[in-house]
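Accompanying notes for the structure given below.
All ligand and atom numbering here is 1-based and tracks the order in the structure. When a residue number appears, it is its place in the shown sequence, counting from 1.
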Amino acid sequence: MSNKMWGGRFQSGPDAIMEEINASIDFDKRLWAQDIRGSLAHVTMLEAQGILGPADAAAIRDGLEAVRGEIESGAFTFSRALEDIHMNVESRLAAIVGPNAGRLHTARSRNDQVATDFRLWVRDTIDELDAQLKDLMTALADKALAFAGAVMPGFTHLQSAQPVTFGHHLLAYVEMLARDRGRFADARRRLNECPLGAAALAGTSFPIDRFATARALGFDRPTANSLDSVSDRDFALEALSAASISAMHLSRFAEEIVIWTTPQFAFVALSDKFTTGSSIMPQKRNPDAAELVRAKAGRVIGALVALLVVMKGLPLAYAKDMQEDKEQTFDALQTLSLAVAAMAGMVRDMQPDLKRMKAAAGAGYATATDLADWLVRTLNLPFREAHHVTGRLVAAAAARKVGLEKLTLAEMQAVEPRIDDGVYAVLGVERSVRSRTSHGGTAPANVRAQARRWARLLARP
Ligand code: ARG
């Protein structure tokens with residue numbers, strides 16, 4: 001049997017393999033709500049423009065509502081032979097309404113229809129992700145305020161660098177996530193134009209009102225060029241780019257959680273709710289959620305690359321290649337959503353070990369820069385010279401396998417005779433972080449102010 005949507009030109013139906021490679025219903029059925037929304041806007045516009053009579057329009061609207069009811073209740077049977085969500089909905093509509101259902105497709109093509117549905121889905125998903133990212137930021141800002149003064153080692157090259165506070169470290173992620181939200185918001189602004197009415201690629205000779213459908217669907221305006229309207233998947237690519245960068249941020253944090261929860265570091269403990277045990281090693285507490293967040297970034301980034309590659313060779317306008325835009329976009333944005341939720345859960349329950357972190361903060365001569373700064377301030381040495389003197393002091397301490405604060409004054413003066421015992425005051429980690437009061441620095445007072453600022457901003461609707 002040839003296809004009833006476009007069977008006029010065909011004698012036979014598709015090969016089974018053709019159906020298998022061609023059908024998208026298994027994944028695009030999730031666009032059903034957007035598809036019905038788009039059709040309702042379209043039919044109402046057709047009626048308002050006098051393209052469709054009121055009786056037909058009302059019957060189609062009722063029919064679409066009936067289809068919605070069937071899908072919501074689970075009574076709807078999706079059919080692969082009908083290829084995709086658009087033809088599944090339309091075919092059922094025809095069964096309910098009769099042949100006049102076919103009038104719905106006036107001045108429309110599946111090309112502008114799918115572009116509209118997909119934009120609506122991506123837009124809805126961006127809005128959900130935005131709320132989730134905000135929630136994660138709130139969890140981080142709360143923790144940051146609670147631990148604004150908790151000293152921990154700051155690393156570069158994963159080597160002890162200078163002491164920072166746990167709150168400061170967490171707020172670094174708040175900044176990243178704020179930029180992620182900004183990127184999604186920016187993508188959403190450009191996405192928010194309506195392709196419906198571009199028809200197959202050239203527009204239509206019917207006197208449609210694209211501004212009306214755009215408005216009805218919550219878009220800012222209709223797209224300006226019909227060819228671009230059906231060929232453009234930038235909105236998905238931009239959402240995937242924003243998602244990839246966000247997933248990368250979560251992955252870096254996840255990696256730190258994996259490191260911090262090792263018995264060797266033991267900076268933080270995750271709750272039982274976000275750890276797993278081992279079937280053989282009774283002592284284990286594995287940070288599986290963090291590891292999976294780290295790994296899932298690969299999936300998200302993979303989806304971005306896949307869609308870029310799908311799109312990069314396509315001549316205008318629509319090509320069936322573009323059907324490959326959906327599966328991975330659905331997967332990637334949902335994967336990010338899951339990762340954000342898991343991260344928020346981990347952060348809320350996370351318990352830092354303040355003693356361990358503080359002890360580790362002093363290890364590895366982390367206050368050497370404070371010592372060099374003291375030499376600059378007190379002895380008026382040029383920083384480069386102070387750096388050299390401090391290097392020799394660190395070498396002396398390392399030779400004795402002690403910290404800088406354990407060097408005697410005589411040992412220090414052997415390196416630089418003008419050093420006096422005022423130097424010991426700057427070798428403590430608490431003092432070190434307290435001194436970092438420059439804008440954006442790790443001083444607990446700064447961190448507290450920043451955490452409060454974020455809490456205030458995030459409390460706004
Ligand atoms: N299922 C198709 C897609 O996702 C809908 C558009 C089909 N258009 C066409 N001319 N075959 O891209």
Side-chain angles (χ1 to χ4, degrees), residues 2-10 13-15 17-39 41-42 64 67 71 76 78-94 102 104-125 191 194-204 213 217 223 226-237 239-240 303 306-334:
S2 67
N3 187 294
K4 55 180 164 176
M5 292 293 159
W6 32 260
R9 202 182 178 307
F10 288 70
D15 189 90
I17 292 296
M18 175 60 195
E19 191 174 295
E20 169 126 24
I21 193 170
N22 200 35
S24 53
I25 188 62
D26 291 342
F27 51 86
D28 70 14
K29 67 170 130 204
R30 86 170 57 193
L31 294 176
W32 68 266
Q34 288 82 2
D35 198 68
I36 290 174
R37 238 181 114 188
S39 289
H42 187 65
L64 286 166
V67 174
I71 297 177
F76 193 94
F78 293 98
S79 147
R80 262 205 183 172
L82 291 166
E83 237 186 274
D84 57 23
I85 185 61
H86 325 294
M87 305 229 278
N88 269 270
V89 169
E90 201 181 317
S91 159
R92 182 69 192 128
L93 185 70
L104 169 63
H105 214 53
T106 314
R108 186 177 81 168
S109 150
R110 274 189 297 156
N111 297 351
D112 57 338
Q113 197 179 350
V114 73
T116 306
D117 293 3
F118 195 28
R119 273 187 199 239
L120 288 171
W121 188 88
V122 173
R123 191 178 70 185
D124 290 346
T125 307
L191 165 151
C194 185
L196 195 60
L201 74 163
T204 174
T213 40
L217 295 170
T223 50
S226 62
L227 281 172
D228 179 49
S229 308
V230 296
S231 311
D232 169 39
R233 292 295 181 271
D234 290 4
F235 61 93
L237 288 168
L240 289 174
L307 185 54
L308 282 168
V309 176
V310 165
M311 295 306 295
K312 74 160 190 62
L314 295 186
L316 302 187
Y318 177 86
K320 196 61 176 261
D321 307 51
M322 290 164 77
Q323 180 166 284
E324 286 290 313
D325 58 358
K326 282 178 273 310
E327 219 171 346
Q328 297 205 51
T329 304
F330 292 154
D331 179 75
L333 296 185
Q334 277 185 339

For Thr106, is there any backbone N or O sitting under 3.5 Å from a side-chain donor or acceptor partner on His42? yes
Ala198 versus Asp112, closest heavy-atom pair with distance: N-OD2, 3.5 Å
Determine, for Phe330 and Arg30, whether the Lys NZ or Arg CZ falls below 6.0 Å from the six-membered ring centre while staying within 45 degrees of the axis.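 Yes, a cation-pi geometry holds between Arg30 and Phe330.
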Considering only heavy atoms from C-beta outward, does the side chain of Arg233 approach that of Phe118 to under 4.5 Å?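 Yes, side chains in contact.
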For Asp26, salt bridge (Lys or Arg N to Asp or Glu O under 4.0 Å) partners two or more places apart: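 With sequence neighbours excluded, Asp26 shows a salt bridge (Lys or Arg N to Asp or Glu O under 4.0 Å) to Arg80, given in chain and number order.
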Sort out for me which residue in Asp84, Asp117, Ile85 forms a side-chain contact (heavy atoms from CB on, under 4.5 Å) with Arg110.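 It is Asp84, the one option of Asp84, Asp117, Ile85 that forms the side-chain contact (heavy atoms from CB on, under 4.5 Å) with Arg110.
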Dump the pairs for me: ligand 1 N or O, protein N or O, distance under 3.5 Å, to 0.1 Å.
{"from": "ligand 1", "atom 1": "1 (N)", "to": "Ser24", "atom 2": "OG", "distance (Å)": "3.4"}
{"from": "ligand 1", "atom 1": "1 (N)", "to": "Asp84", "atom 2": "OD2", "distance (Å)": "2.9"}
{"from": "ligand 1", "atom 1": "1 (N)", "to": "Gln323", "atom 2": "OE1", "distance (Å)": "2.8"}
{"from": "ligand 1", "atom 1": "4 (O)", "to": "Lys326", "atom 2": "NZ", "distance (Å)": "2.6"}
{"from": "ligand 1", "atom 1": "8 (N)", "to": "Asn111", "atom 2": "OD1", "distance (Å)": "2.9"}
{"from": "ligand 1", "atom 1": "10 (N)", "to": "Asn111", "atom 2": "OD1", "distance (Å)": "3.1"}
{"from": "ligand 1", "atom 1": "12 (O)", "to": "Tyr318", "atom 2": "OH", "distance (Å)": "2.4"}

